[in-house]
Protein chains: 2
Amino acid sequence: MFMEWDRLYLGDCRAVLVGFPQNSVDLIFTSPPYADNRRKSPYKGVSIDRYVKWFLPISNELKRVLKPEGSFVLNIKERAIHGERQTYVLELILKMKQQGWLWTEEYIWHKKNCYPGKWPNRFRDAWERCLHFTKDKRFKMFQEAVMVPMGSWKEKRLSQLSNNDLIRHESTVSSGLDRKVSNWVGRRLAYPTNVLYLPTECSNRNHGATFPETLPTWFIRLFTQEGDVVLDPFMGSGTTAIACIKNNRHFIGIEITRQYYEVAYDAIKIEKAKAILQSLNH
Amino acid sequence: MFMEWDRLYLGDCRAVLVGFPQNSVDLIFTSPPYADNRRKSPYKGVSIDRYVKWFLPISNELKRVLKPEGSFVLNIKERAIHGERQTYVLELILKMKQQGWLWTEEYIWHKKNCYPGKWPNRFRDAWERCLHFTKDKRFKMFQEAVMVPMGSWKEKRLSQLSNNDLIRHESTVSSGLDRKVSNWVGRRLAYPTNVLYLPTECSNRNHGATFPETLPTWFIRLFTQEGDVVLDPFMGSGTTAIACIKNNRHFIGIEITRQYYEVAYDAIKIEKAKAILQSLNH
DNA sequence: GTTCCGCATGAATCGATAG
DNA sequence: ACTATCGATTCATGCGGAA
């Protein structure tokens, strides 16, 4: 039931990517396993000192399959160990530049609800990097697709809004991805910044998704148009793919573990079915 | 009228710092001239490719004068040139590690109202790095001094709160330095995260202040106690010094340009006078 | 049908304890 | 001395059962 361009692969992206044609993908959005973090994944072996060397061949293949006007958004964050932040992400940026990538921008995902905890030497880590790489200075960017209502929600007459509306609205301020677009009627729109203030999704139906659907959705709308192709070489439970279906983009997903692959497969099948039914209603 | 420990220097910090005793400063907070940014400053000549080499001798002196349990907070952000983010800040972190600094944390200053503008290839830059370096894994940190009102979700459910309470709840993610915090007496406090959501405040006649007073204030309260000594080797218009006076910390400021030095001198004199009058009222 | 409350849980990190 | 494992800490969120 998947269409020609919508494909899932069960396998190691290092091997799978080799078979892809060059210059064929409009956007790569992915969140690779962080160094020594996912204990249940086969990537467990990627230690901190080997991380950059492990990733560079992958980023090289990604550069090959990406269209010249396409974008690569890498969601990643280094850990703190023994009181120090690790530096492998910084080194990765420098090496990818040597590889020919342009480091165009660093977007910040400011997590609305981050992991709890208390330590004597640091606070909770409430942000992650979304590194934006391109092959060319002239890349596709559709800024209007992610515009947000101007001004703060406080400007609206509070007394007329229910508390639910207030809560919902606050969550839209930075993302502009809420369904309640009706609230925006008559409001002027503004361009967002390079900081995304989004909640993490926890303990809901999302099987182990490491980022909320709004994160890939934002970049998909920003860097692609309908019908474009989006690749996620570390698909996980398929959050990027779901975001693609909901926004009429094609997707290619690669996942190395059978467990996550099957979770993603089922979720995508359901989302596809929903999309078909919805298109029939129109 | 300055006290023994409160000192201002007109000169190049590379020369001035040499005369300082070692292990004598509790906190260094500074925002150095960004590469090729301050055209009016004598540091204008610091080009991007020379920036790291220019800064390393300074950071080495800073390490010497900092107490072993002290902290160094470096507010900096690389520029984007010809569509690319520059990498000199990343390289600086790596080199300072080699120099013996511990890169303890990277705090994010999420700017509430950032500089306006529109470009075809990027959004407005709404964040800056506040790099936290230390000499030792065991450094002073007073987390209780910067606690913020806890999310109201658990205490009372939202439906029971007034609209005013809802507005204040927004300040949960901000610094907690507002006067409104006093209204939260009796409410539980929570520890903040490593993201500071602060306005950029150009309200005062702050001549060219590159950061709002709340930014140094937050770190001063977090990393020092009353009577401690704070150093800003690139004082500018004296924002860090003002924050010190208001929080009963001693300060040492160094500024290379006579214009900024005089602006800072006057502002500090006024703030000192205010502080003295206030202490008499008690 | 609502609203309300309890509870589990999530890209975490440190220090102590054990091998 | 070095690595490996475990408990303690913490809070926004959604789910489900109760009022």
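Remember, it's a predicted structure, so these values are computed and weren't measured experimentally. All chains are named by letter (A, B, ...) in the order of the sequence lines, taking the proteins before the strands, and each is independently numbered beginning at 1.
Looking at A:R14 and A:E61, no side-chain N of the basic residue comes within less than 4.0 Å of a carboxylate O on the acidic one, giving no salt bridge.
Side-chain atoms of B:E91 and B:T87 form a donor-acceptor pair, as typed in the model, at a separation below 3.5 Å.
Atom P of nucleotide C:dG15 and atom NZ of A:K118 are separated by 11 Å, given to the nearest angstrom. Atom-to-atom, CD1 of A:I81 to C1' of D:dT5 comes out at 15 Å; the value is rounded to the nearest Å. At whole-Å resolution of the value, OH in A:Y115 and P in D:dT13 are 16 Å apart. Here D:dT10 presents its P atom at 18 Å from CG of A:N113, a figure rounded to the nearest Å. Atom-to-atom, CE of B:M150 to P of D:dA12 comes out at 6 Å; the value is rounded to the nearest Å. When the C1' atom of C:dA11 is taken as reference, atom CH2 of A:W127 falls 14 Å away, rounded to whole Å. If you measure from atom CZ of A:R85 to atom P of C:dC14, you get 8 Å, rounded to the nearest angstrom.
Here the straight-line distance linking atom OG1 of A:T193 with atom CG of B:N113 works out to 11.5 Å at 0.5 Å rounding. Here the CZ atom belonging to B:R122 is positioned 7.5 Å from the OH atom belonging to A:Y107, to the nearest 0.5 angstrom. Atom OG1 of B:T134 and atom CZ of B:F72 lie 12.0 Å apart (nearest 0.5 Å).
Residues passing the salt bridge (Lys or Arg N to Asp or Glu O under 4.0 Å) test with A:D26, sequence neighbours excluded: A:K67, A:K140.
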Check: protein-nucleotides 17-19 of chain C nitrogen or oxygen pairs below 3.5 Å:
none

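Stems are defined here as 3 or more consecutive Watson-Crick or G-U wobble pairs with pairing distances under 3.5 Å; those involving DNA chain C are C:2-10 with D:11-19, C:12-19 with D:2-9.
Annotation: side chain of A:F29 is in contact with side chain of A:L215 (closest heavy-atom distance under 4.5 Å).
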